[in-house]
Amino acid sequence: MVGAFISYAGWRGVHAGAWLLAAAILDGAGVLLLVPIIGVVVEGGNGYISTLLRGAGLVTQLQQLGVLIAAFVALSMVRAFTLYARDMVIARLQTGFIEAERNRAMRALAEAPWHRVVGLRHARVTNLITTEVQRLTSSSFSMVQGVVTAAMLVIQVVIAFSLAPGLAAVALLLFGIGGAVFLATQDKTHELGTKLVRSGQAMMGNAGGFLTGLKTAAAQNARENFAAEFEAIQTDIRAGQLIFQQRQAQGRLIFAIVSSLLGAGVVLAGFGFMQVSPAILITLVLVFGRMSTPAMQLYQAAQQFVFTLPSFEAVRGLEDELRGDGTTLPDAVPPPAGAIELTGASYQHPGGRGVRDATLRIEPGVFVGVAGPSGAGKTTLVDMIVGLLSPQSGTVSVGGKLLEDGLLAGWAGQIAYVSQEGFLFHDTVRRNLLWSNPQVDDEAIAAALEFAGATEIVARLEHGLDTVVGERGTLLSGGERQRIGLARALLRKPRLLVLDEAANAIDAAGEAALLGRLKALDPGPTILMISHREESLSWCDQVIRVAEGQVVQA
């Protein structure tokens, strides 16, 4: 994660580092300035700085103290403005890094080949791009806080060595021992973070499954099962978080004890054995006191970083899984006009299902039906034609050009796909229609709705086109969703229109009227319709039958 943050920050990181270093130096300068101030008050102005001030005409103790206090206040004001600038630069880097990571994950999901996406659990993806990416905020904050406190510690150590090298060496040794103990005990913290990521995905899966099957669960009185599983996951998450909080509290306790003993040791050793002057001794105690706080913050930040690091690893793991060899999508180039051809095309899913040695030709503008029993390979065949699956052997071409690289992306831009579910977003009817082609006007929308037989459906809705249809369009019936989905597809003005059981929720008469209008389109797109209804297939110019992976074109 450190490397990813540095890569994102670039020269902005150098800028932030400059502000960070300036703030640490000003903080150290303020501490050093306390030595002459204390010297003037305690020792009556017998130090080196007092001698310089007397040479400048500041003779009395009050005059010297006034100048030193004024310098201290001015330095504190400059430090305050520097801290503000540092914090704002770091905040912009942190928020920008989180935004970039979420965008990377979504981009990887959007650009991934279909065969990598189709097997992903939705709850896992949702959890990673929401909860786990958000946890990166805590991780990145801990990382930056660790750098800030480390810089402050370095300056404090330099000051301590300049005042009393022996005592500073002992203190540094103790901090080094603490660091070694920390490194030896962080495997458990990382394990807790990994368990939290898994529990978060399980909780998201439980909630998603419950919402998806809410009607079935309610009908079967199975809602309690979901609630009990959710509560068990929450208990595991809470237990892991409590263990982590306990480890942090133990760290604070140890630091409090060690810093108290260190402070007492500095006073006794400095006064009793090293004969350190009161001004230096008091300043040294202050320095060690100031070191204990950032040292504890560094420990806590490092622990928080390790705890949340599994979130970053999980997000990047998803990206690596989606990107495969890391190649990016080429520029889209629409394939030339012409027929769709499959030559010996095969694709086998794990378990043996799929299509074997498919050879067929579909001319432009033809209405083609795809029939066969469930599991025979109809969807696999269509997925190869539209480019979602690349054949493991054989070829798919359009207009005499193989569907690969930029042609594959260009072909996808000319396809409209209407699924059996008639999927709609939780948004208005208008937004759902515009999703396929944001540039269309109200006249085109009205024409598409009329063609799909959805004009009266929209007219009945309370707010017409601006009515929200609910999650997955559940406020509409299955047939109504399918008609809206078809209207959306037509607004895309596709070259290939794929209907995957897209009218099975519409009554027979309504489906016949709809298919008649589709067949009468002139010029019309090539239409590929998966259907189990023989009466629906009778509208097709030709029918491709699939049985046990074998494809026959009639």
Side-chain angles (χ1 to χ4, degrees), residues 114 330-345 347 355 357-372 377-391 394-419 436-437 439-440 444 447-448 451-452 485-503 511-531 536-546 551-554:
W114 177 246
D331 294 334
V333 180
I340 301 169
E341 292 186 87
L342 277 70
T343 305
Y347 190 96
V355 170
D357 197 28
T359 298
L360 55 88
R361 179 182 176 91
I362 301 173
E363 297 293 341
V366 175
F367 195 158
V368 180
V370 181
K378 300 186 301 297
T379 300
T380 301
L381 175 64
V382 172
D383 285 349
M384 284 197 293
I385 291 174
V386 301
L388 289 175
L389 296 177
S390 296
T395 62
V396 179
S397 62
V398 176
K401 297 291 185 180
L402 293 180
L403 280 185
E404 57 187 9
D405 302 328
L407 288 173
L408 186 61
W411 179 233
Q414 298 182 328
I415 294 172
Y417 195 104
V418 187
S419 65
S436 63
N437 186 358
Q439 283 75 42
V440 299
F451 187 96
L486 179 58
R488 176 172 61 191
L490 293 171
L491 286 171
R492 189 169 170 81
K493 301 186 182 303
R495 178 173 166 182
L496 173 64
L497 174 61
V498 179
L499 306 175
D500 186 358
E501 296 282 358
E511 182 187 18
L514 185 58
L515 295 178
R517 289 195 293 273
L518 285 171
K519 188 174 178 62
L521 284 173
D522 187 23
T526 302
I527 301 176
L528 199 58
M529 180 178 69
I530 301 175
S531 180
S536 302
L537 294 171
S538 66
W539 288 93
C540 300
D541 299 314
Q542 59 180 266
V543 177
I544 298 170
R545 300 203 177 263
V546 186
V551 177
V552 178
Q553 184 174 14

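Hydrogens, waters and symmetry mates are skipped; everything else that's a heavy atom, side chains included, is used.
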Task: Side chain K378, main chain G372, donor-acceptor under 3.5 Å - done: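 Looks like yes, one N/O pair under 3.5 Å.
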Task: Donor-acceptor pair, side chain of T359 and main chain of G344, under 3.5 angstrom - done: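 Checking the backbone N and O of G344 against the side chain of T359, a donor-acceptor pair under 3.5 Å is found.
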Using the side-chain contact (heavy atoms from CB on, under 4.5 Å) criterion, which residues pair with [X]? Sequence neighbours excluded.
X    : value
V440 : L434, N437, A444, I445, L491
I415 : V386, W411, L496, V498
P391 : A345, M384, V396
A489 : A416, V418, L497

TODO: Please report the closest heavy-atom contact between G400 and S397, naming both atoms and the distance.
DONE: C-CB, 4.3 Å
Task: Closest heavy-atom pair and its distance - P525, P494 - done: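 Minimum heavy-atom separation between P525 and P494: CB-O, 3.3 Å.
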How many angstroms lie between [atom1] in [X] and [atom2] in [Y], if you round to the nearest 0.5 Å?
X    : Y    : atom1 : atom2 : answer
R495 : I340 : CZ    : CD1   : 7.5 Å
L388 : Y417 : CG    : OH    : 7.0 Å
L342 : I385 : CG    : CD1   : 5.5 Å

Who passes salt bridge (Lys or Arg N to Asp or Glu O under 4.0 Å) against [X], sequence neighbours left out?
X    : value
K519 : D541
R361 : E341, E363
E511 : R533

Task: Pairs where residues 382-391 contributes a residue and the test salt bridge (charged side-chain N to carboxylate O under 4.0 Å, His left out) is met, not counting sequence neighbours - done: none
With side chains defined as the heavy atoms from C-beta onward, is the minimum distance between [X] and [Y] less than 4.5 Å?
X    : Y    : value
W539 : L518 : no
L407 : V398 : no
Q414 : P335 : yes

TODO: With L528 as reference, evaluate V366, I362, L381, L499 under the side chain to side chain contact (heavy atoms under 4.5 Å, CB included) test and give the passing residue.
DONE: I362
- [ ] Identify the residue among V368, L515, D500 that makes a side chain to side chain contact (heavy atoms under 4.5 Å, CB included) with M529.
- [x]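 Only one option passes, and that is L515.
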Under the side-chain hydrogen bond (donor to acceptor under 3.5 Å, both in side chains) test, residues paired with [X] that sit two or more places apart:
X    : value
Y347 : none
S419 : E421
S531 : none
R492 : none

